[in-house]
Amino acid sequence: MKLDNPAARLLTILEQGIELQNEMGCRKAWCQLLNVPKGENAMLMGRIGKVMSLSTDIIENLKNIGDVKIDRYLHWVEPLETAFINSNLNSPWSTFKSHINVHVINYLSMTSDLLSHKNAESIISEPSLDSILLNTRALIDEVRDSNLPDHIKKFMIKQLHEICLAVEEHSICGSESVSRAVNAAFGYGVLHADSVELAKSDPIAKKFWQQMANVALIVSISTGIQQLAPPIMKLLPEINFEESCIENNSQVQPEHTQRRASTENASNAETSA
């Protein structure tokens, strides 16, 4: 299972940024690094803000470890803050890049290594992220065109958009953002039974909750937990969680599990022969 942490995500972004040309504009550089379409300035500013906030996430993660002299790991913070302060979207990329020297990378690498060892997060595989995004975007249109009550439709579209945003920003915010988005949907279902009851009679409502179950299972499997909490399964008796798990398990199981399965299949084939 691959592991992740906020320092690793920030390090990846900075290392990719170092490879960009000094003459490139900061706006174009950030759009390229954060996968933002040209002209989407609000989206760009939002994602840059989330990159900046990774520093806070890193410090909080270090504090949670305990028995660590945090100051030894934070020599990258001041140069990075200076880089953000001294550059703007209309300036050359060099105004930002010049502050990201070898010491910043080395100290951030040390921080990432420590967090991977002490407080790691899981990574959702790219195929699984692509699948979530594709199915969720398609479902938004179905919900919008449905005959569901307006307040239910509004809730579902909002939650589906949250899932899409979390997946699109996975490289910045990690798998926890996807988990939070789907947890919010189930939390709403617990407090608003009418949104869940519709799954018994309306195919679009059932499809919505099935998609939420699918995403929850992908997140659960990627973290090594292959079963949703019983209260959630009881909440949605119309949803076949076992089929969801089988459908998505092959996409997100750890590499060592995939290799073991391949070996077992090969062994079975030889025995049959």
Side-chain angles (χ1 to χ4, degrees), residues 1-18 26 29-36 42-87 96-97 99-101 103-126 128-129 132-133 161-184 187 215-216 218-220 222-225:
M1 182 184 297
K2 294 182 179 180
L3 300 177
D4 186 29
N5 63 75
R9 295 193 294 274
L10 179 57
L11 179 62
T12 297
I13 293 170
L14 295 181
E15 287 181 329
Q16 291 174 349
I18 290 174
C26 280
W30 281 119
C31 282
Q32 183 172 323
L33 291 172
L34 305 181
N35 194 29
V36 177
M43 180 188 296
L44 176 60
M45 295 301 294
R47 292 189 182 177
I48 292 175
K50 290 176 181 179
V51 173
M52 295 175 67
S53 71
L54 285 174
S55 297
T56 302
D57 295 340
I58 293 167
I59 293 171
E60 289 303 312
N61 273 256
L62 289 172
K63 289 179 179 178
N64 291 336
I65 293 175
D67 298 326
V68 173
K69 294 184 177 180
I70 297 177
D71 291 345
R72 292 182 177 179
Y73 292 88
L74 299 181
H75 292 286
W76 54 269
V77 174
E78 184 176 348
L80 182 61
E81 290 180 346
T82 301
F84 278 111
I85 292 171
N86 288 354
S87 65
F96 181 91
K97 177 180 171 180
H99 298 281
I100 311 304
N101 56 37
H103 299 294
V104 170
I105 298 300
N106 286 341
Y107 278 110
L108 194 54
S109 295
M110 290 170 54
T111 307
S112 174
D113 290 342
L114 177 66
L115 292 180
S116 287
H117 180 63
K118 297 288 188 178
N119 197 22
E121 305 169 12
S122 62
I123 296 178
I124 302 175
S125 68
E126 286 296 329
S128 294
L129 291 171
I132 292 172
L133 193 58
H161 275 301
E162 289 294 327
I163 294 289
C164 288
L165 181 63
V167 170
E168 290 168 352
E169 297 182 349
H170 181 265
S171 63
I172 305 172
C173 304
S175 59
E176 286 190 0
S177 61
V178 183
S179 180
R180 285 194 297 269
V182 74
N183 286 345
V215 176
I218 289 174
V219 173
S220 297
S222 71
T223 58
I225 304 172

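This one's a predicted model, so the numbers in the text were calculated from it and none came from an experiment. Just so you know, these numbers use all the heavy atoms, side chains as well, and skip hydrogens, waters and symmetry mates. All residue numbers in this chain count up from 1 along the given sequence.
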Legend entry - Test item: P6 and N61 side chains (from C-beta on) under 4.5 Å apart, heavy atoms: yes
Legend entry - Rounded distance (nearest 0.5 Å) linking atom NZ of K97 with atom CG of L14: 12.0 Å
Inset, instruction - Write down the atom of I13, the atom of S171, and the distance for their closest heavy-atom approach. - result: CD1-O, 4.5 Å
Inset, instruction - Answer yes or no: is there a donor N or O on one side and an acceptor on the other, between the side chain of N5 and the main chain of S112, under 3.5 Å? - result: yes
Inset, instruction - Would you name the heavy atoms of C26 and S87 that are closest together and state the gap between them? - result: SG-CB, 4.1 Å
Legend entry - Exceeds 12 heavy-atom contacts within 6.0 angstrom, atom CD of E15: yes
Legend entry - For E81, side-chain contact (heavy atoms from CB on, under 4.5 Å) partners two or more places apart: V77
Legend entry - Between CG on residue L54 and SG on residue C173, distance to nearest 0.5 Å: 7.0 Å
Inset, instruction - Check the side chains of S128 and S125 for a donor-acceptor pair under 3.5 angstrom, ignoring hydrogens and angles. - result: yes
Inset, instruction - Please list all pairs passing the salt bridge (charged side-chain N to carboxylate O under 4.0 Å, His left out) test where one or both residues lie in residues 64-76, with sequence neighbours left out. - result: none
Legend entry - Test item: I18 and I105 side chains (from C-beta on) under 4.5 Å apart, heavy atoms: yes
Inset, instruction - Name all residues meeting the salt bridge (charged side-chain N to carboxylate O under 4.0 Å, His left out) criterion together with K50; count only those two or more places apart in sequence or in a different chain, and write none if there are none. - result: E169
Legend entry - Shortest non-hydrogen contact from R9 toward I172: NE-O, 2.7 Å
Legend entry - Pairwise ring pair (Phe, Tyr, Trp, His ring centres under 6.0 Å) hits with a residue in residues 64-85, at least two apart: W30-F84, H75-Y107, F84-F96
Inset, instruction - Scan for salt bridge (charged side-chain N to carboxylate O under 4.0 Å, His left out) pairs involving residues 103-114, sequence neighbours excluded, and state none if there are none. - result: none
Legend entry - Beyond-backbone contact of L80 with L10, side-chain heavy atoms, under 4.5 angstrom: yes
Legend entry - N106: partners by side-chain contact (heavy atoms from CB on, under 4.5 Å), with sequence neighbours left out: V102
Inset, instruction - Flag the pair I70 / I65 as yes when at least one side-chain heavy-atom distance between them is below 4.5 Å, and no otherwise. - result: no
Legend entry - Nearest-0.5 Å distance that lies between atom OG in S177 and atom CD1 in I124: 7.5 Å
Legend entry - Smallest separation among heavy atoms of G174 and D4, with atom names: CA-OD2, 4.1 Å
Legend entry - Minimum heavy-atom distance I100-V104, with the two atoms named: CG2-CG1, 4.2 Å
Legend entry - Atom pair CG/CE of L34 and M45 - distance to nearest 0.5 Å: 11.5 Å
Inset, instruction - Side-chain contact test, heavy atoms from C-beta onward, threshold under 4.5 Å: evaluate it for I123 versus H170 and give yes or no. - result: yes
Inset, instruction - Look up atom OG in S55 and atom CG in L108, then write down how far apart they are to the nearest 0.5 Å. - result: 8.5 Å
Inset, instruction - Side-chain contact test, heavy atoms from C-beta onward, threshold under 4.5 Å: evaluate it for R47 versus E168 and give yes or no. - result: yes
Legend entry - Closest heavy-atom pair and its distance - I58, L115: CG2-CD1, 4.3 Å
Inset, instruction - To the nearest 0.5 angstrom, please state how far the CG atom of L165 sits from the NE2 atom of H161. - result: 10.0 Å
